[in-house]
Amino acid sequence: MQAWRVHRNGEPGEVMRLEETVRPEPGEGQVLLRVRAANVNFPDALLCRGHYQVTPPLPFTPGVELCGETEDGRRVIATAALPYGGFAEYAVADEAAVLPAPDSLDDAESAALHIGYQTGWFGLHRRADLREGETLLVHAASGGVGSAAVQLGKAAGARVIGVVGGPEKAAAAREVGCDVVIDRRADDIVAAVKDATGGRGADVVYDPVGGDAYDKSAKCVAFEGRIVVVGFASGTIPSPALNHALVKNYSIVGLHWGLYNRKDPQAVLRCHETLTDLAAKGLIKPLVSDRVALESAAEAVQRVADGTTTGRLVVLPGGVRA
């Protein structure tokens with residue numbers, strides 16, 4: 001079979017190599033999946049660089065999220081069991097982590113439903129207790145993780161403010177449902193949030209960026225607001241001033257969704273059922289901005305690493321389909 005493999009760490013476009021290799025053998029409690037679609041995530045770039053919290057042995061195949069087909073013909077979604085990731089014709093997944101693909105979504109959309117939307121749901125509902133009528137501020141609102149949070153916020157009845165970088169990303173943020181869009185390159189984020197909320201600030205902040213985005217969030221979070229720390233796509237891990245959180249009376253909560261797979265897998269299953277229902281009602285739908293053939297996977301991962309994309313890029317090993 002064909003698979004992209006990483007033999008040394010570095011930039012995805014430099015270290016990913018498309019090779020002919022043997023079909024992987026699943027271990028105990030695992031299943032072999034024919035890959036129908038594999039979504040590109042920022043962690044795929046971090047894996048290539050050797051900067052992710054999981055460090056699979058070299059060589060490995062990236063592609064942490066996929067829609068695949070079981071040997072008995074079931075269409076499913078799963079997180080891949082590295083080192084046999086989704087940027088290949090076949091991948092391996094832990095049987096317990098395999099979930100039915102929603103009938104209302106095609107392969108590319110199904111591949112993009114899992115990690116970003118699960119993270120969004122747990123972040124907004126389990127960690128931040130987002131309530132109807134509250135204001136949600138989402139950083140990187142046009143990206144795969146951010147756009148999922150925007151849609152979930154709207155589905156929960158929140159008013160959503162999205163922060164993006166540039167006119168093209170602003171258009172994408174409006175497309176996924178943002179009520180207010182702030183261009184961080186042209187606008188003062190803190191002033192714009194306060195203006196949009198009558199001076200109150202955002203009740204919940206969803207931050208997959210870190211760095212300056214977090215610093216701005218702390219300045220415009222509302223009384224009893226909650227800042228959800230999801231990741232550090234900016235490359236800078238902020239150092240929160242806890243005295244500031246004390247005097248402004250807001251909470252800082254962390255979210256590592258992967259822990260739920262180990263510590264509360266039933267919650268993951270219940271979340272998937274909720275997401276499937278929301279997708280069937282048309283309340284959420286992954287924004288797939290590009291579908292590429294397997295031969296273009298390294299370029300796609302590099303584009304995500306460079307932060308030049310909107311929505312999700314999805315790799316289709318069987319060829320680009322409508």
Side-chain angles (χ1 to χ4, degrees), residues 38-47 52-54 63-67 77-80 86 97 99 102 105 109-130 136-156 158 160 162-163 173 176-177 204-210 213-214 217 226-234 237 251-279 283-288 304 307 309-314:
N39 177 44
V40 181
N41 284 271
F42 191 67
D44 293 315
L46 295 179
L47 282 164
Y52 198 52
Q53 55 256 44
V54 175
V64 297
E65 181 177 37
L66 63 96
C67 173
I77 63 174
T79 51
L99 299 167
L105 302 178
E109 293 162 344
S110 294
L113 179 74
H114 192 40
I115 297 175
Y117 282 85
Q118 286 262 347
T119 300
W121 193 91
F122 275 93
L124 297 180
H125 292 287
R126 184 123 170 185
R127 302 296 286 143
D129 190 27
L130 178 68
L136 168 65
L137 174 65
V138 178
H139 289 281
S142 66
V145 172
S147 62
V150 170
Q151 292 181 358
L152 289 166
K154 292 298 294 180
V160 182
V163 179
V176 295
V204 174
V205 178
Y206 191 80
D207 180 16
V209 178
Y214 175 86
S217 299
R226 292 83 76 198
I227 300 176
V228 186
V229 178
V230 183
F232 313 106
S234 67
I237 299 175
S251 302
I252 305 163
V253 297
L255 175 64
H256 177 196
W257 171 75
L259 284 177
Y260 289 98
N261 279 316
R262 300 204 307 269
K263 295 184 176 294
D264 194 354
Q266 286 302 309
V268 173
L269 178 58
R270 291 193 299 271
C271 178
H272 179 66
E273 293 169 349
T274 298
L275 296 175
T276 299
D277 183 58
L278 290 173
L283 294 174
I284 61 172
K285 184 175 184 177
L287 175 63
V288 178
V304 170
T309 60
T310 60
R312 289 296 193 186
L313 303 188
V314 179

Taking [X] for its side chain and [Y] for its backbone only, find out whether a donor-acceptor pair lies under 3.5 Å.
X      : Y      : value
Gln118 : Val268 : yes
Arg226 : Asp129 : yes
Gln151 : Lys285 : yes
Ser234 : Val209 : yes

So Val64 and Leu47, do their side chains get closer than 4.5 Å, heavy atoms only?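 The answer is yes, as the side chains (C-beta and beyond) meet within the 4.5 Å cut-off.
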Minimal non-hydrogen separation, [X] against [Y], with atom names:
X      : Y      : value
Ala155 : Leu278 : CB-CD2, 4.4 Å
Ser217 : His139 : OG-NE2, 2.7 Å
Ala80  : Leu66  : CB-CD2, 4.0 Å
Pro43  : Tyr52  : CB-CE1, 3.6 Å
Gly123 : Arg127 : O-CB, 3.5 Å
Val138 : Gly146 : CG1-O, 3.6 Å

Supply the atom-to-atom distance [X] [atom1] to [Y] [atom2], rounded to the nearest 0.5 angstrom.
X      : Y      : atom1 : atom2 : value
Leu313 : Thr310 : CG    : OG1   : 8.0 Å
Leu99  : Cys67  : CG    : SG    : 11.5 Å
Arg126 : Tyr260 : CZ    : OH    : 5.0 Å
Leu136 : Tyr206 : CG    : OH    : 9.5 Å
Asp44  : Asn39  : CG    : CG    : 8.0 Å
Arg312 : Leu113 : CZ    : CG    : 10.0 Å

Identified side-chain contact (heavy atoms from CB on, under 4.5 Å) partner of Leu152 from the options Leu130, Leu275, Thr119: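 Between Leu152 and the candidates, side-chain contact (heavy atoms from CB on, under 4.5 Å) is satisfied uniquely by Leu275.
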Have a look at Val229 and tell me which of Ile252, Leu255, Asp207 forms a side-chain contact (heavy atoms from CB on, under 4.5 Å) with it.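 Of all the options given, the one that passes is Ile252.
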Taking it one step at a time, do Thr274 and His125 satisfy side chain to side chain contact (heavy atoms under 4.5 Å, CB included)? CA-CA 12 Å; Thr274 298; His125 292 287; over 6 Å; no
I'd like to know whether Val228 forms a side chain to side chain contact (heavy atoms under 4.5 Å, CB included) with Val204, so could you lay out the CA-CA distance, the side-chain angles of the two residues, the decisive distance to 0.1 Å, and finally the verdict. CA-CA 7 Å; Val228 186; Val204 174; 4.3 Å; yes
